[in-house]
Amino acid sequence: MLDLALLRREPDRMRRVAARRAIGGDFVDDVLAIDVRLRAARTTAEALQAEKNALTARISQATDKGAAARELRPQIADLDARIVAANAEIPPLDAQIDAILSEIPNLLDDTVPDGAGEDDNVVVRDSGPPPVATFTAKPHYELGEALGIIDFERATKLSGARFSVLRGAGARLSRAVVAFFLARAHDRGYTEIAPPLLVTRDTMWSTGQLTKFADAMFRDTDADLFMIPTAEVPLTALHRDEILNADLLPLQYTAHTPCFRKEAGAAGKDTRGLIRQHQFEKVELVWLVAPEKSDEALERLTADSEALLAELELPYRVLALCSADVSFNAARTYDLEVWLPGQQLYREISSCSNCTDFQARRAQIRFRREAKGKPEFVHTLNGSALAVGRTLVAILENYQREDGGITIPRALVPFCGFTSIEPDGTTR
RNA sequence: GGAGAGAUGGCAGAGUGGUCGAAUGCAUUCGCUUGGAAAGCGAACAGACUGUCAAAGGUCUCGGGAGUUCGAAUCUCCCUCUCUCCUCCA
């Protein structure tokens, strides 16, 4: 949620952001026009109310309250009518502003490169050129099925398209990846959380997902609960409606959860393999920090995610998303992309964003610098560290052997207890 | 799913129609005291909006909404949530 006061103060700034994000900027003038009317209506109503309160106070102070009440009743009745009329104007105006404001995306950081789409994202660094293979690498879905560790056919039988069954070494490897990610997050100071996977509408709204993923979410309509599309939601909303002590900051949380997405807008895209599933696992990192620390926090959060790829010795690159590709909540985003030799392309495996005060304002997450200080909004950041399914994909494709077997990355061996998956699906 | 109890400021907890945004205690902050600290004493201490250079001031909020009344934390109705017991259950 954008700050209305900021919009009022610097409308041109929002107009520029709208242009850079390639969305229409009419809403700026719409909001400002409604805001003028709203404030006028409020002032009028409040002045009348103050008048009435003064009369009521006179009755309270009178010795003969009954007499005073009888005497002032006509005046009060007249004020009442005018107050009702003045107040009636407020809710519709309020609702109009809320409706517009809650659909406006976050401001963009000045460092975000201009661009019209994902092709304009800027590579800021990489782990070097992807290695040249000595044989033709296969895509992970062929490898997985041949090894008997991923079963797409039976998943479809159980649940339809975009689901998968992991089996044997595949399931074990996946679990090891999660354990590895969580262990590293712990080492780096994150507090592990095991959150609910179903959250209320309020929670979902508070982190900005209800707009962004509105059609993309699975939900139970009876209880009006939503299945989380990412652990960002419960982790960020953990301190919703709280005023934190400054010495608690920064808060660093991690969680391993399944994520559920309808992928309604992705019909026909990535239909093969583990890349785009209705249900996938992810380890998420979330920071709550003081505003002046969020730039630095984004670098550290990104570095924490990046270190996992480096330790797994997977080829990757880091992208600064361009203005048109930065998502609704974020002011600035780094994507981590991993090289997939089976498909000869880089693929997103993590997205690390600084959401500044945008989610904090929706979720009312504040902190106080001093005992008597005014509450301020925290800045929230989130990033994947990492997407588990896509990590599995990357491992299969990058660590495949010519005979169809898989070598386990060294860093993972202590977590899964085997060093390879043989062509027949057994482990060594 | 059945029955009952409850929801007040950071916490605990008073307050059943009128100077109540709210006693008191704890916590916190500042001052006095002290060589320093503790104790003691004094003071400050909810959030939002509006207003101002800054103030003063104004409006709203005692889970949420509607109502009764000149006036509601207090009375009425609806909703939500929490707790306890029973039932069920990993």
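Letters go in sequence order (proteins before strands), and every chain restarts at 1. Predicted, not measured: the structure shown is a model, and the values here were computed from it.
In this structure, CZ of Arg73(A) is placed 9 Å from P of G71(B), rounded to the nearest angstrom. The distance from atom CG of Asp80(A) to atom C1' of G67(B) is 14 Å, rounded to the nearest whole Å. In this structure, CD1 of Ile365(A) is placed 17 Å from C1' of G47(B), rounded to the nearest angstrom. In this structure, Asp98(A) atom CG and C49(B) atom C1' are separated by 13 Å, rounded to whole Å. Distance CD (Glu46(A)) to P (A48(B)): 16 Å, rounded to an integer number of Å. Counting to the nearest Å, the P atom of A48(B) and the CZ atom of Arg361(A) are 12 Å from each other. Distance Gln49(A) CD to G57(B) P: 19 Å, rounded to the nearest Å. Regarding Arg368(A), its CZ atom lies at a distance of 8 Å from the P atom of G10(B), rounded to whole Å.
Contact annotation for Lys65(A): base contact, defined as any heavy-atom pair under 4.0 Å involving a base atom. Using a 4.0 Å heavy-atom criterion, one finds that Asn245(A) contacts no nucleic acid atom at all. Residue Ile59(A) is in base contact, counting any heavy-atom pair closer than 4.0 Å across all strands shown. At a threshold of 4.0 angstrom between heavy atoms, the contacts of Arg201(A) with the nucleic acid are absent. In this structure, Ala50(A) reaches the sugar-phosphate backbone alone: every heavy-atom distance under 4.0 Å involves primed, P, OP1 or OP2 atoms, never a base.
Taking side-chain N and O atoms only, Asn53(A) has no distance below 4.0 Å to OP1 or OP2 of G71(B). Distances shown here put every side-chain N or O of Asn87(A) at or beyond 4.0 Å from the OP1 or OP2 atom of C60(B).
Of the charged side-chain nitrogens involved, at least one lies within less than 4.0 Å of a carboxylate oxygen, so that Arg42(A) and Asp94(A) count as a salt-bridged pair. Under a 4.0 Å N-O distance rule, the pair Arg410(A)/Glu313(A) qualifies as a salt bridge. Contact check on Asp151(A) versus Arg167(A) returns no salt bridge, with no Lys/Arg side-chain nitrogen under 4.0 Å from an Asp/Glu carboxylate oxygen. Under the 4.0 Å criterion applied to side-chain N and carboxylate O atoms, Arg332(A) and Glu299(A) are assigned as salt-bridge partners. Salt bridge Arg184(A)/Asp304(A): absent, no basic N to carboxylate O contact under 4.0 Å. At a threshold of 4.0 Å, the pair Glu422(A)-Arg428(A) counts as salt-bridged, since one of the basic side-chain nitrogens sits closer than that to a carboxylate oxygen.
Remark: the separation of the P atoms in U74(B) and U82(B) is 23 Å, to the nearest Å. Nucleotides U8(B) and G64(B) place their C1' atoms 15 Å apart, quoted to the nearest Å. If you take atom P in C11(B) and the same atom in U80(B), they sit 25 Å apart, rounded to whole Å. Spacing between C62(B) and A23(B) at atom P, rounded to whole Å, works out to 16 Å. The P atoms of C32(B) and A37(B) are separated by 11 Å, rounded to the nearest whole Å.
In the set G47(B), C70(B), C49(B), the nucleotide with an atom closest to the side chain of Arg42(A) is C49(B). The side chain of Pro375(A) lies closest to G47(B), out of U59(B), G18(B), G47(B). Nearest nucleotide to the side chain of Arg39(A), out of G58(B), C70(B), G51(B): G51(B). Candidate nucleotides G71(B), A48(B), U19(B) were compared by shortest atom distance to the side chain of Arg366(A), and A48(B) ranks first.
By the 30° and 60° cut-offs, the orientation of the rings of His239(A) relative to Tyr253(A) is parallel.
With hydrogens and angles ignored, a donor-acceptor pair closer than 3.5 Å exists between the side chain of Ser60(A) and the base of G18(B).
Of the residues near RNA chain B, Arg8(A) and Ala47(A), the one whose nearest nucleotide (by heavy atom distance) lies more toward the 5' end is Arg8(A). If Gln364(A) and Ala54(A) are placed on RNA chain B by their nearest nucleotide, the residue sitting closer to the 5' end is Gln364(A).
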Next on the checklist: Let's go through Val286(A) and Leu381(A) carefully: what are the C-alpha distance in whole Å and the side-chain angles of both, what is the deciding distance for side chain to side chain contact (heavy atoms under 4.5 Å, CB included) to 0.1 Å, and is it a yes or a no?
Outcome noted: CA-CA 6 Å; Val286(A) 162; Leu381(A) 300 96; over 6 Å; no
Checklist outcome for this item: Symbol by symbol from the 5' end, with Watson-Crick or G-U pairs under 3.5 Å, [ ] crossing and | another strand, RNA chain B is ((((((((.[[[..)..(.....]]].(((((.......))))).(((((......))))).[[[[[..)....]]]]])))))))....
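Of the listed residues (Thr230(A), Asp335(A), Thr333(A)), just one forms a side chain to side chain donor-acceptor pair (under 3.5 Å) with Ser351(A), and that residue is Asp335(A).
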